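This report concerns only the one structure given below.
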Amino acid sequence: MAAASSGEQPGPCSGEQPGPPDIPEPEDFVYGEDEFVLQGVSWPGAAPSRFDRALLGAWQDRMARGLFRYRLGELPTRVLPGAMGLVAQLNPQRATQRRPPQAIRSLTQPFDPQQFNFTRIRPGEVLLRLRRRSGRDPPPLDRVLVAINVSPLERGHVLLLPEPALGLPQALTPQLLRFGLEAVLLSTQPGFRVGFNSLGASASVNHLHLHAFYLAHPLRVESAPAEPLLPERGPALLRDVPAPALLFYTAGAELRAVAEAVCGLAAGLAARGLAYNVFATRGAPPAGGAAAGLRVLLWARRPSFGPEEPEAALAVALCELAGYLPLPAAAAFAALSEAEALRALRRPLLPEPELRRLLQELLPGTPRDT
């Protein structure tokens, strides 16, 4: 999954600038913890929340106004035969019409204002200004912009952006991740997910952003049981999933602490020359079972800085690692097997023994083996 926005305008055009009279201004969406939906979210979903209505209503409006690179209709979707329940989806328009990814050469590549970035998004692409009621962070860290991804994967595919003028590179921060976790809790839809691709892990724009989207299919990563590593603190090891991951869980409290823990571990990976992906979704406690809170998955991987193979059947970014496989070609959509997909998904990841050795350094007390 790669970020996309139009960027056709030659100079800065942040979401804060007024658009033409026929383009609606972004809505100021102020929320409090009393709007977090902590119980009763299950498949197939409930009536849309205030957040869902605001996001999806504005998203559909911008689609009708032609602000996307293509019109997104119902996409062919199938669940691959096998134990992992991989969800494959055919989306050839995204493959052919999205902007080519930026050249990423380093995990610490600085923000470059000469490259495409989110100060250049067109008026009208910003849907919401998301801000906590009685937030403690000073401006401009007290809000995020919700902007369309103009080459969408699915209905409601948006980007969550801290103030674009800050020029932050694509390295995950606790402030942004916390906004993402709160967005999941503001939705009543179990298929609303949020995620992050680092540099070297399929990020295509080096300007800080999260992805968020709706996918009307459950994923195995929501319910598979995990092995506790440090029960009193830190992550568990999620093994029996398409791509083994580190799992953080919260029933809905202490979102700041969870965001700080995830980002702290991610920073430790980056300091050791590793890339990472993050995925947040409604899900079960580490022991498994029914969805009851938030699961945040972190994958450690060897970085890749070369261009994506144009003919590759399966890119490996946050969606794919979670078990959602957007595919560019009808032949791959029809023929891809679970075994083939799992080989591709696991290839860039650290092997478990190496991951455990690394966790011993980053999280003292982590057991070396089961």
Side-chain angles (χ1 to χ4, degrees), residues 15 26-42 45-59 126-149 156-164 166 168 172-196 208-215 222 247-266 278-285 291-298 318 322:
E27 176 184 345
D28 285 309
F29 190 95
V30 181
Y31 65 91
E33 292 185 5
D34 58 308
E35 291 189 72
F36 293 168
V37 184
L38 301 178
Q39 297 180 348
V41 177
S42 60
S49 67
R50 182 172 76 96
F51 172 76
D52 295 316
R53 293 193 301 272
L55 190 159
L56 290 171
W59 193 91
V126 179
L127 309 181
L128 307 173
R129 299 186 189 98
L130 200 60
R131 183 168 60 84
R132 298 183 197 96
R133 189 182 306 122
S134 305
R136 298 178 183 176
D137 294 315
L141 298 177
D142 64 337
R143 64 177 182 176
V144 296
L145 305 181
V146 180
I148 62 172
N149 187 317
H157 185 182
V158 295
L159 305 174
L160 305 185
L161 312 172
E163 171 52 51
L166 294 173
L168 299 174
L172 190 57
T173 66
Q175 293 93 341
L176 180 59
L177 180 56
R178 183 181 169 197
F179 271 111
L181 301 182
E182 291 176 348
V184 175
L185 291 182
L186 287 170
S187 174
T188 56
Q189 305 307 299
F192 182 72
R193 281 83 174 222
V194 166
F196 178 86
L208 184 56
H209 63 282
L210 293 175
H211 288 270
F213 61 95
Y214 294 82
L215 177 69
E222 300 164 3
L247 171 65
F248 295 80
Y249 176 80
T250 175
E254 303 296 334
L255 296 182
R256 182 192 295 268
V258 172
E260 289 174 348
V262 172
C263 292
L265 189 50
V278 175
F279 184 79
T281 184
R282 299 274 183 173
L294 281 181
R295 284 188 163 200
V296 186
L297 281 66
L298 174 66
L318 70 95

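Below, each value reflects all heavy atoms present in this structure, side chains not excepted, and no hydrogens, waters or symmetry copies. These figures come from a predicted structure and were not determined experimentally.
- Counting only distance, with no hydrogens or angles, the side chain of Glu27 and the backbone of Arg129 share no donor-acceptor pair below 3.5 Å.
- Judged by distance alone, with hydrogens and angles left aside, the side-chain atoms of Thr188 form a donor-acceptor pair with the main-chain N or O of Ala47 at under 3.5 Å.
- Arg282 contributes a side-chain N or O that, together with a main-chain N or O of Val184, makes up a donor-acceptor pair within less than 3.5 Å.
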Q. Between Leu294 and Leu255, does a side-chain contact (heavy atoms from CB on, under 4.5 Å) hold up when you go through it step by step?
A. CA-CA 10 Å; Leu294 281 181; Leu255 296 182; 4.0 Å; yes
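- Taking CD of Glu254 as the reference point, atom CZ of Arg178 lies at 10.0 Å (rounded to 0.5 Å).
- Atom CG of Leu185 sits about 9.5 Å away from atom OH of Tyr31, to the nearest 0.5 Å.
- Leu130 contributes atom CG, which lies 6.5 Å from atom CG of Leu186 (distance to the nearest 0.5 angstrom).
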Q: Could you walk me through whether Leu208 and Phe196 pass the side-chain contact (heavy atoms from CB on, under 4.5 Å) test, one step at a time?
A: CA-CA 9 Å; Leu208 184 56; Phe196 178 86; 3.9 Å; yes
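- In this structure, Trp59 contributes its side chain and Ile148 its backbone to no donor-acceptor pair below 3.5 Å.
- Checked for salt-bridge contact, Arg133 and Asp34 meet the test: a charged N lies under 4.0 Å from a carboxylate O.
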Q.
Quick one, Arg295 with Thr281, criterion side-chain hydrogen bond (donor to acceptor under 3.5 Å, both in side chains). Give me CA distance, side-chain angles, the key distance, then yes/no.
A. CA-CA 5 Å; Arg295 284 188 163 200; Thr281 184; over 6 Å; no
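- At distances below 3.5 Å, at least one donor-acceptor pair connects side-chain atoms of Arg53 with backbone N or O atoms of Pro48.
- Using a 4.5 Å heavy-atom threshold, the side chains of Leu55 and Tyr214 count as touching.
- With respect to Arg132 and Glu33, no salt bridge is recorded, no charged nitrogen being found less than 4.0 Å from a carboxylate O.
- The distance from atom CD of Gln175 to atom CZ of Arg256, rounded to the nearest 0.5 Å, is 8.0 Å.
- Contact annotation: the side chain of Val146 never approaches that of Leu159 to less than 4.5 Å [non-hydrogen atoms, C-beta and beyond].
- Within the 4.5 Å cutoff, the side chain of Leu181 has heavy atoms near those of the Leu177 side chain.
- A distance of 12.0 Å separates NE2 of His211 from CZ of Phe279, quoted to the nearest 0.5 Å.
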